[in-house]
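Letters A, B, ... are given to chains in the order of the sequence lines, protein chains preceding strands, and every chain is numbered from 1.
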Amino acid sequence: MEDLFAHSYPGTSAKTLFADVILPVPIPKWFTYKVEREFQDRIGIGYRVMVRFGNTKILTGIVARVHQKAPEAYLAKPLLDVLDDFPVVNALQIKFWNWMASYYCCHIGEVMHAALPSGLKLSTESRVQVHPDFDPEAPGFPMDERELLVLETLAKHDEMKVEQFEQLLPGKISHKIIKSLLTKGAVLLYESVREKYSPKTEQRIRLAQQYLAEKGLLQELFAQLKGKQKQEEVLLKYLQVLPVFQKPEQNTGGIVKSVLIDHGCSPSSIDTLVKKGILEAFKVTISRFDELETGQDQVELSPLQQQTLEEIQRQFQEKQTLLLQGITGSGKTEIYIQLIKEVLESGSQVLLLLPEIALTTHLVFRLKKVFGSKMGVFHSKYSDNERVEVWQGVLSGRFNFIIGVRSSLFLPFDSLGLVIVDEEHEPSYKQFDPAPRFQARDAAIMLAWMHQAKTLLGSATPAFESFYNAQTGKYGYVSLEKRYGNAELPYFHLADILADKKKNLLKLDFTRILREKIQEALNKQEQVLIFQNRRGYAPYLSCEECGWIPECEHCDVSLTYHQYQEELRCHYCGFKEKLPKACPACGSHKITTVGVGTERIEENLSLLFPEARIARMDLDTTRSKYGYQRILEDFGAGNVDILVGTQMITKGLDFDKVSLVGVVDADRILYFPDFRSGERAFQQITQVAGRAGRREKTGDVVIQTRRPDQLIFRQIMAGDYRGFYQQELRERKQFFYPPFVKNIKITTKHKDVKTAEQAALHLKNLLASIEAKKILLGPEKSLIGKIKNLYLFELWIKLEKSVSVQEQFKVQLMEAIRTLQGDRKFRPVRFLIDVDPF
DNA sequence: AGCACGCCGACT
DNA sequence: GTCGGCGTGCTC
């Protein structure tokens, strides 16, 4: 009987509901909470809920499942609250999170943490208040001075955050005092929750209704205001901007207050009129993004582009994923636009992933012109509020096309039709830290698959894995390269650093040929790009007498010299130190800089070419939200002759006047202790070289190296990606590197060297017994052996390329780590797992 | 991960 | 004696 009743009124079901909640904690579990009656008919998958976790913490979680099965092993706690009227996360996303957690060996809570903009995560603060029943006069417990101090301070405010007491009393003592006051019943401790997201509002002004109804009143009013010139002015201005008597309905929306002020009205007079009840002030919620009309920008495809587009469409019929190889400036953008248009017209959503630094370029403006306000941009420099608005925009359907960085994979899409990953070879698609350490390109393919959508990977110099997958037929492949000749390839010059040095021709790190080419370009008023992949002034300092090098106290790295602040800094833990006047080892004053950073190159250039206008673009000069854009605009406008920069200059520059590109130190890219260094050198040098010469002009590229005889340079110069690929592939096969094996890197972290190493060694032994074709390497001290006083050891696993083997292996790997952590000796050791590491 | 609880050294 | 170190266990 009861059940029948429950069926007809689901909200009053007699059965208790339970919710499995994902919480942002690294525990490989879902947590089951009881759903109280009041929440039963407004809960479901993807709702945010507030729960008590442990004794004190209050957390925001996401509901992953609602069911009726009470947990057997424990008593479920009740949900404290359901935060939304509609789900903010959909079931597909939860599926995606689960995949990511299992593929990248992390906890779903960590994925959730990365996925939700923090504006959607509630923060709780512990607050303290004087207990309402507390009587300070009552003879009760004796209070000591510190307790009285806290009570006194508290009495002045009606409530305080726990952290505020830390200023009053040093750190941890305040905790104790509050605790003792709590047991004495003098104070009340509670968690207060606040929504972090706040909508943007705008102050508006309108005419009070009564004046609108009766015209006579207004005339009277003007008579009254005679002599009050400023106020009269405001009113006149208002009527001028908004002719409310012709169109009374327009008064409701009023005018933006700042617009009136911009028209020369005095803010105080406006306020006075509002106080008198003549004008009304009100607030409206507005979007943080400009509403743009969908542009009418027409895209014309060239015959080659049209042909390529058709080929892409043809291959998409058979393949889910497709690699489009096309050199920069070959017209990929127009093809993207056409594809996106078609998918949007069919009613599906589109996601275009870009590496972070490519996101502020003309490409975005171009797309904005075409797709207008239906396109959302998701930036890493966006504020939290802006991110929440993009999230909500996808949820509400306001945006059906998103262009964004790797984390835009997590936006709440419900019907993706196409995902494009541009510059798919870019290393910035891989997240290093913290978990989930995912590769956005690969995750995008999985996400697309879950949506039954297509993925298009675009690059001029594809990642080896992608090209391999295309070669083996796993992906489709379309090329957008000119077939005959390489008319667009610039003239390459290899400059031998050592040879010039011997002949005394190397001046301030510049070879003769590069100096001459720069001078030539300057004479012709053409622009120059100088590429140096190291920011700062100099990597490190060294004593000329004894060779002493300043090192960080907490990390196993040398300190970087920052000229501007005259200090030495650790890039790993933030440790700072004033520049020593004398060498602490031998007392010598001859401390010199070793190595070259962008700052130093900039300085050298200004010495070599005093008449040139030089700018620098690296992490340090582009930190602000629009810093990058400003430098690019300046360069584009021709206000700069020479632009020095890191990898950033390989992106987004598309200027006709660049006739010369210089690579200061190619060896730095080439000799990186990493199996991908060759690949990366090929990609980076090709990319930056591609900036030289456009359209009708052929540019020059000068590559400075100590080893000009290397094969890779000839391949770069010939634009021979395939040749390079073939040769490199043979090496990868021979030495068991991806794409022939699956790499997993495990890093152990502990304050004691021995323990860190032993943990890795024990893990290796446990893994050795797992049945799978594999190679185990290490443990070896990490490249940077110590960070923040924790020692790091690495274990590399090369696993056979079989999905089922990998899945099993990962499960057993997690088990092995759990076993190890059962050993008290290894309990405090942290194990970081990196699947497909770089 | 955080956080509380609990058992040991170095100070008023 | 207390304070505060950090090893240990737990979170629905």
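A parallel orientation is assigned to the rings of F96(A) and W99(A), their planes being inclined by less than 30° (bins at 30° and 60°).
The side-chain tip of R437(A) does not point at the ring of F432(A) from less than 6.0 angstrom away and within 45° of straight on.
Remark: of the listed residues L761(A), V753(A), T755(A), V753(A) is the sole one forming a side chain to side chain contact (heavy atoms under 4.5 Å, CB included) with F793(A).
Checking dT11(C), dC12(C), dT8(C) against the side-chain heavy atoms of K29(A) singles out dC12(C) as nearest. The side chain of K751(A) lies closest to dG7(C), out of dT8(C), dG7(C), dC12(C).
Across all strands shown, L23(A) has no heavy atoms under 4.0 Å from either base or sugar-phosphate atoms. Nucleic acid contact for P71(A): none, since no nucleic acid atom lies under 4.0 Å from a heavy atom of the residue.
Atom pair E72(A):CD and dC12(C):P shows a separation of 18 Å (rounding to whole Å applied). The CZ-C1' distance, from F18(A) to dC12(C), rounds to 11 Å in whole Å. Note: CH2 (W30(A)) to C1' (dC12(C)) measures 14 Å, nearest angstrom. Across the protein-nucleic acid pair, D823(A) atom CG and dG7(C) atom P stand 15 Å apart, rounded to whole Å. Whole-Å rounding puts the I27(A) CD1 to dG9(C) P distance at 15 Å. Residue F826(A) contributes atom CZ, which lies 13 Å from atom P of dT8(C) at whole-angstrom precision. The interatomic distance linking Q821(A) (CD) with dT8(C) (C1') rounds to 13 Å, in whole Å. At whole-Å resolution of the value, CD in E36(A) and P in dC12(C) are 15 Å apart.
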Under 3.5 Å, which N/O atoms of the protein pair with N/O atoms of nucleotides 2-7 of chain B?
{"unit_1": "dC3(B)", "atom_1": "OP1", "unit_2": "K57(A)", "atom_2": "NZ", "d": "3.4"}

Check: Checking side chain to side chain donor-acceptor pair (under 3.5 Å) for the pair D836(A)/Y103(A): CA distance, chi angles, key distance, verdict?
Finding: CA-CA 10 Å; D836(A) 307 330; Y103(A) 186 89; 2.9 Å; yes
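A close approach under 4.0 Å does not occur between any side-chain nitrogen or oxygen of R52(A) and OP1 or OP2 of dC12(C). Dashed line: the shortest gap from a side-chain N or O of R830(A) to OP1 or OP2 of dA1(B) is under 4.0 Å.
Two residues are said to be in side-chain contact when any heavy atoms from C-beta on lie closer than 4.5 Å; V63(A) and D20(A) fail this criterion. Taking the side chain as every heavy atom from C-beta outward, I62(A) and V21(A) never approach each other to under 4.5 Å.
The CG atom of L409(A) lies 8.0 Å from the OG atom of S407(A); values are rounded to the nearest 0.5 Å.
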